[in-house]
Each structure stands twice: as structure tokens, then as C-alpha cells.
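Beneath this line is the structure, given in C-alpha cells, with notes to follow.
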There are 2 protein chains.
Amino acid sequence: MSINPDPEPATAPSKPDLPDDPLALDNHLCFAVYSTSHAFSRLYRQQLARLGLTYPQYLVMLVLWETAPLPIKTIGERLMLDSGTLTPLLKRMEATGLINRERGSQDERQVLVTPTAAGLDLRAKAVGLPPSIACASGLDLDTLRAMAAKLTILRSNLLDEVNRE
Amino acid sequence: MSINPDPEPATAPSKPDLPDDPLALDNHLCFAVYSTSHAFSRLYRQQLARLGLTYPQYLVMLVLWETAPLPIKTIGERLMLDSGTLTPLLKRMEATGLINRERGSQDERQVLVTPTAAGLDLRAKAVGLPPSIACASGLDLDTLRAMAAKLTILRSNLLDEVNRE
DNA sequence: CACAAAATGATTGTGCACAATTTAAATTGC
DNA sequence: GCAATTTAAATTGTGCACAATCATTTTGTG
């Protein structure tokens, strides 16, 4: 980590006792990502309330609006979530009438997830969200695009390391 | 959102049916942040296992290694977490012997959190982590610093919007 | 064909996050 | 001086995340 924007002023640091401490919270990129993720989640919670969706449920709908039906496995690969997360989440979405779940006919192991008519209708109410959030971000589209691209590279590198054990 | 790096190639888009769909998952910066946060969490889970810490517990220790004792309120402001998250988390940390919790003497509402000797000793085992994670990120320090700075601005803008209702 | 290995989800258990409410203590306003 | 308000934590309830494990089905190989 060690993300300290100050080039060691040596005279008037904001934290005199920790001029360039790698263990300082503010030097942790992971915390910037973690806390920004929570900030997104809170803003989406407000915006998604009227759609009756949580943020992870919104992500599932994004995937299903692109392609459907899909097995849970594919949804999990797309969102990087496992069955321990998705099985109960999808059961809640089925209970609220947004999706249907049924075993695949040619492969009985799979559970195919399909949006209901209500789930498809929700898309029209969701189209206003991305522009609204982009506006709230206060950053221009080029900056947002550049951040997403760098984060995707970072994520890929981190996951490579995780899988290297 | 609308984070599409392609300037509308019109001829060979990677997703022919969704050339520049604002509702496409890959156009959501929030998902890049969300999934990168999970990737960090998984890598830290591996690295922190030998310290007996979860990632949020590690963040609490970072705060306490900077300043202690601290009331729960201050820890929550620093990490942007509320008492509903911190109270049980700190109780678990007390149970594992990393911190002590005691009511403040001058203000009986407060619970002051202090690292134990074991909690302070853990710092020596944690110093290797930030460089290890920075290496795993595969990005140079300037890039990491720049990302953290932009995320901090983004987070601030998002939270302003949340509090504007 | 048989049968071991792999793939797909479901289940179980732990630990965050957070909204909403409650309790108790401190502060304020009159 | 004391009721009304504010503040700090705790509690309650819901919903992710994820490791570990299990059951079922499919597939690969002799």
C-alpha cells in the first residue's frame, strides 16, 4: 500500500507521529476501495428502495437483463459470487416475484434463472439510475471510465495472487 | 455510470446487442469498486489468517495502533461504520484478547477501546502486509496513490448525495 | 458397462453491514 | 433546577459474503 500523497514535507505533516507509516489507515488503498464500495451501496440503497431491490439483487437483474435464462453458475462467474451467496439471494428474489428458478431439463444439476414479467418491467424503472449515480459521483465520464479500467486490472492482479495461494 | 471504453466502433462491438447500454454490468463503475473490494477482502483473508484477524478487525487495529484509547464513536467515524457493526465486532475482538473495552470515567456513555499487549504485539507481524499487498496489486506506487486519491473524492461526493436524501 | 472424478447447487456456520429502535447518560434551554 | 433534547452504545432483524461440507448428476476412462 503506502499511499501517501505528501512527498515528505518534513516540517508540517498532518500526522506528525506517522509521517509515512505504511500501517496508517490513510495509506491503505484497500480502505479507499472498501469505504467507496460502502458509499455506493448506501446511495444505491436509497435509489433502489422504490424498485424493491437490494444492490446485489440489482446486479443480478443487470446480468439477467443482458441474457436469460442463466444457470446460477454463470451468474456467479459474472458477479464473482458463489452459491452460498447466490442461492439464498435468488430465493428471496423468487419470493418477491422478480425471477423464476427451475432445474435444467438436459442437465438436472443446473438451476436456470429467468426474470418474470415483473422482473423485465423493472428494467424501465432502472434506466434512470446510472445517469443519476454518475451525476452524484461528481466526476466526468472519462475519469469514471479510467477508474473502472484501472480497478479491473487491479482486481485481476489481486485475484491472481489469491489463486496462487 | 456509462463506462464504455469503446468510442462506438459501430462495426465490431464486443457485445453486439448492447453497444453502449448504460445498464450493462460492465459499464458500472460501482461494480468495479464492489468486486475489487471483495478481491482485496479475499487476499487479506489469506494474509490475515495467521494473525487471527478478519479484514474489518485489521482496520480497527490500524486505527488503534495510531491512537488509543478511543471511544467506539471515533472508531466508527474513522472507518465509516456504525455501532450496529462495531459493537459485536469489538466484542469478538475482546473475546480473542486483542482489545479491552471499558466505560469512560468522565463520560459514562462512552466505551473506550484499548489494545491489549497482544494487540500491540500484533503490529510487528502486520508491518509486512502493506508491501505484500502492494506487490500483489501489480501497480506502481504512484498509480496506487492516484487511485486512492480519486476514490476518496468519489466517496466524498457519493456520501454528500446520500446525506442530501 | 462400471465406477471414479468432476461439476452444480444446497446447506451450515461465522462474520460483517446497516436500518430502526431502545436504553442510559450527558447537555441544553428555560 | 429540571424537563426536553441530544448523544453513545446496545439491541433486533434482514441481507449479504464466504469457507466448508454435502448430495446429486454428469462425465471420463478402462
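Within every chain, numbering begins at 1; the chains are lettered A, B, ... in the order of the sequence lines, protein sequences first and strands thereafter. Remember, it's a predicted structure, so these values are computed and weren't measured experimentally.
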Does B:Leu81 reach a base, just sugar-phosphate, or nothing at all? Heavy atoms under 4.0 Å. sugar-phosphate
For a quick check under 3.5 Å, do A:His28 and B:Tyr58 share a side-chain donor-acceptor pair by atom type? yes
Can you list, in residue-number order, the parts of residues 100-110 of chain B that come under 4.0 Å of DNA chain C, counting heavy atoms only? B:Gln106, B:Asp107, B:Glu108, B:Arg109
Shortest non-hydrogen separation from A:Leu154 to B:Met147 and the atoms involved: CD2-CE, 3.9 Å
Indicate yes or no: does B:Glu94 engage B:Lys91 in a salt bridge with an N to O separation below 4.0 Å. no
Name the nucleic acid region contacted by A:Thr54, choosing base, sugar-phosphate or nothing; use a 4.0 angstrom heavy-atom cut-off, strictly under. sugar-phosphate
Is any side-chain N of the basic residue among A:Glu108 and A:Arg103 closer than 4.0 Å to the acidic one's carboxylate O? no
In whole Å, I'd like the distance from the CZ atom of A:Arg45 to the C1' atom of C:dA19. 8 Å
Reading DNA chain D from 5' to 3', where do the contacts with chain B start and stop? Cut-off is 4.0 Å to heavy atoms. D:dT7 to D:dA19
Is the side chain of A:Gln46 donor-acceptor paired with the backbone N or O of B:Val162 at a distance under 3.5 Å, no angle test? yes
Between B:Asp82 (side chain only) and B:Gly76 (backbone N and O only), is there a donor and an acceptor less than 3.5 Å apart? no
Taking the nucleotide of DNA chain C with the closest heavy atom to each, which residue, B:Ser83 or A:Leu112, is nearer the 5' end? A:Leu112
Check whether any side-chain nitrogen or oxygen of A:Lys73 sits under 4.0 Å from OP1 or OP2 of C:dA10, and answer yes or no. no
Less than 4.0 angstrom from a charged side-chain N to a carboxylate O is my criterion; do B:Lys73 and B:Asp107 meet it? no
So, taking the atom named OH in B:Tyr34 and the one named OH in A:Tyr34, what distance separates them when rounded to the nearest 0.5 Å? 14.0 Å
How would you label the contact of B:Pro71 with the nucleic acid (heavy atoms, under 4.0 Å): base, sugar-phosphate, or nothing? sugar-phosphate
